[in-house]
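One structure follows; several queries about it will come next.
Just so it is clear, the model here is predicted, and its values are computed rather than measured.
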Amino acid sequence: MTLPQPGEPFVLVISTGGTIASTTDSSGTRVPTLSAEELVTDCAASVPTRVYDSVLLDSSSMGLGDVDTLVELVSRALADALITGIVITHGTDSMAETALALDLVQRDPRPVILTGAQRPADHPTADGPANLRRAIELAADPLARGRGVTVHFGGDTLAARGLYKRDTEALNAFALTAPLTLPRPAAVAAAPLAGYNVPILRAWPGAGTELVDFVIDSGADGIVVEALGSGNVSAEMGFALGRAVEADIPVVMSTSVPSGEVSLSYGGGGGGATLAQRGVLSAGWLRAGQARIALLTAIATGTDPRQLLGG
């Protein structure tokens, strides 16, 4: 690791755990163990860097409080004019969600780049060091400014909006739901997301009302539905979602289809067009995890969800 000299610009690397920081224990289980300093040392980056350890966990356990902490860390770090950019090492399971949470509140033009790995650090051909080294180089590059939050992974640098994990094993693990980079909405002021309850409900052919009824009764702040096709559910589930909207619970319709826009164009009791007439919102190009982050941010900041969803 190359430490900056006094007054010298540098890249800040914030670690959160994930596969990139994992080693394999005696039972063959991957466990996050490595610090930010160890990761940067292993990647042999030539760019001056400083490091900070935020949390050390698998990203499937990344709660809203952990995301709030990252948002605050990035905001505070960018108050330092010597920082050319920030790299966050992160697990792949929820990388797309964290990236969007940061992007929705990011006004500073300096790059904020997430990266990680598909193979643990002690794998004979670990992919983490190359991903991290290139992410650090990008964070130091003046040409990377003004792009919002991005993810660099497996040779690809992708925008946060519309990002999803497309493969459980491939080294280029991420893709975008849209054929072109999506426009970013105006950034909103950051507000804590922890404490709000927005579950994701999965639709299936012939689904009943039970899950929606339970969520309504539980006092959820919002609902995201991973629907079928371009935003459709069964008639029974559709009627229940209408009751949620009538109870002033915002409902956002996403889809389980990997790519494409949620159009809400079909009729019938659970068709997207019918649901839109009842007040259900389209997630646009966002898949369920990112739609949840957008809805949470809208609720926490008092913003019209349509502004952040882009649907």
Let's go through Tyr164 and Ser259 carefully: what are the C-alpha distance in whole Å and the side-chain angles of both, what is the deciding distance for side chain to side chain contact (heavy atoms under 4.5 Å, CB included) to 0.1 Å, and is it a yes or a no?
CA-CA 9 Å; Tyr164 73 100; Ser259 301; 3.6 Å; yes
If you measure only the distance, is there a donor-acceptor pair under 3.5 Å linking the side chains of Thr16 and His90?
no
Point-to-point distance, once rounded to the nearest 0.5 Å, from CD1 of Ile200 to CG of Leu211:
13.0 Å
Hey, mind stepping through Thr150 and Leu158 against side chain to side chain contact (heavy atoms under 4.5 Å, CB included) and telling me if it holds?
CA-CA 5 Å; Thr150 59; Leu158 302 170; over 6 Å; no
Using atom types as modelled and distance alone, determine if a side-chain donor or acceptor of Asn232 lies under 3.5 Å from a backbone N or O of Gly272.
yes
For Pro9 against Pro48, the heavy-atom pair lying closest together:
O-CB, 3.8 Å
Looking only at non-hydrogen atoms, find the nearest pair between Ala187 and Arg107 and report the distance.
O-NH2, 3.3 Å
Answer with yes or no whether the hydrophobic clustering places Leu70 together with Leu163; edges join I, L, V, M, F, W, Y residues whose side-chain heavy atoms lie under 4.5 Å apart.
yes
Determine whether Val105 and Ile83 fall in the same hydrophobic cluster, where Ile, Leu, Val, Met, Phe, Trp and Tyr are linked whenever their side-chain heavy atoms lie under 4.5 Å apart.
yes
For the pair Arg110 (side chain) and Ile86 (backbone), establish whether a donor and an acceptor sit closer than 3.5 Å, ignoring hydrogens and angles.
no
Output for pair (Thr274 OG1, Tyr266 OH), nearest 0.5 Å, gives 12.5 Å
Can you confirm whether Gln106 sits close enough to Leu102 that some side-chain heavy atom of one is under 4.5 Å from a side-chain heavy atom of the other?
no
Donor-acceptor pair, side chain of Arg133 and main chain of Cys43, under 3.5 angstrom:
yes
For residues Leu114 and Tyr52: do they belong to one hydrophobic cluster (side chain heavy atoms under 4.5 Å, members Ile, Leu, Val, Met, Phe, Trp, Tyr)?
yes
Any side-chain heavy-atom pair of Leu295 and Ile299 under 4.5 Å
yes
So that I can tick it off, tell me whether Glu246 and Arg243 are bridged by a salt bridge, with the cut-off set at under 4.0 angstrom between side-chain N and carboxylate O.
no
Non-hydrogen side-chain atoms of Leu104 and Ile293 separated by less than 4.5 Å
yes
Between the side chain of Ser234 and the main-chain N/O of Gly206, is any donor-acceptor distance below 3.5 Å?
no
Do Leu39 and Val13 come within less than 4.5 Å of each other through their side chains, counting heavy atoms only?
no
Would you check if Ile223 and Val252 make a side-chain contact, meaning some heavy-atom pair closer than 4.5 Å?
no
Side-chain donor or acceptor of Ser282 paired with backbone N/O of Gly284 under 3.5 Å
yes
Using a distance-only test with no angle check, is there a side-chain donor-acceptor pair under 3.5 angstrom linking Thr125 and Arg119?
yes
Counting N and O atoms only, with roles assigned by atom type, does the side chain of Thr41 sit under 3.5 Å from a partner on the main chain of Glu37, one being a donor and the other an acceptor?
yes
Is it true that Asp103 and Arg161 make a salt bridge, defined as a side-chain N closer than 4.0 Å to a carboxylate O?
no
Provide the closest heavy-atom pair for Leu308 versus Leu286 in the form atom of the first, atom of the second, distance.
O-CD1, 4.3 Å
Straight-line distance of Asp122 CG to Thr33 OG1, nearest 0.5 Å:
7.5 Å
Quick one: do the Thr89 and Ser15 side chains pair a donor with an acceptor below 3.5 Å?
no
Start with the C-alpha distance between Thr301 and Gln307, add both sets of side-chain angles, then the distance that settles side chain to side chain contact (heavy atoms under 4.5 Å, CB included), and finish with yes or no.
CA-CA 12 Å; Thr301 60; Gln307 177 181 327; over 6 Å; no
One should read off an interatomic distance between Ser94 OG and Leu57 CG, to the nearest 0.5 angstrom, of 8.5 Å
Treating Asn197 as the side-chain partner and Asp221 as the backbone partner, does any N or O pair qualify as donor plus acceptor under 3.5 Å?
no
Let me confirm one number: the CG-OG1 distance from Leu73 to Thr69, rounded to the nearest 0.5 Å.
6.5 Å
Examine distances only and state if a side-chain atom of Ser254 and a backbone atom of Ala288 form a donor-acceptor pair shorter than 3.5 Å.
yes
Please report the interatomic distance CD(Glu226) to CZ(Arg287), rounded to the nearest 0.5 Å.
9.0 Å
Would you say that more than 12 heavy atoms from the other residues, nucleotides or ligands in this model lie under 6.0 Å from the CD of Glu169, or not?
no
Taking side chain as C-beta onward, heavy atoms only, is Ile88 less than 4.5 Å from Val112?
yes
Without swapping roles, check the side chain of Asp217 against the backbone of Phe214 for a donor-acceptor pair under 3.5 Å.
no
Mark yes or no for whether Ser218, through its side chain, and Val215, through its backbone, hold a donor-acceptor pair below 3.5 Å.
yes
Could you pull out the closest heavy-atom pair between Pro192 and Ala300, with the gap in Å?
O-CB, 3.5 Å
If you compare all heavy atoms of Asp213 against all heavy atoms of Ala240, which two are closest, and at what distance to 0.1 Å?
OD1-CB, 4.1 Å
Side chains of Phe10 and Thr2 in contact at under 4.5 Å (non-hydrogen atoms)
no
Checking side-chain contact (heavy atoms from CB on, under 4.5 Å) against Val198, which of Leu193, Leu64, Ile249, Leu296 comes through?
Leu296
Let me check something: do Val51 and Leu56 share a hydrophobic cluster, defined by ILVMFWY side-chain heavy atoms less than 4.5 Å apart, either directly or through other members?
no
List the atom of Asp93, the atom of Ser60, and the distance in Å for their closest heavy-atom pair.
OD2-CB, 3.9 Å
Quick one: do Phe174 and Met95 satisfy side chain to side chain contact (heavy atoms under 4.5 Å, CB included)? Show the steps, please.
CA-CA 10 Å; Phe174 290 91; Met95 188 180 291; 3.9 Å; yes
Does Glu236 CD have over 12 foreign heavy atoms under 6.0 Å away?
yes
Common cluster, Phe153/Leu176, ILVMFWY with side-chain heavy-atom separation under 4.5 Å:
yes
Please examine the side chains of Thr23 and Val31, heavy atoms only from C-beta on, and report whether any two atoms are closer than 4.5 Å.
no
Is there a donor in the side chain of Thr115 and an acceptor in the side chain of His152, or the other way round, less than 3.5 Å apart?
no
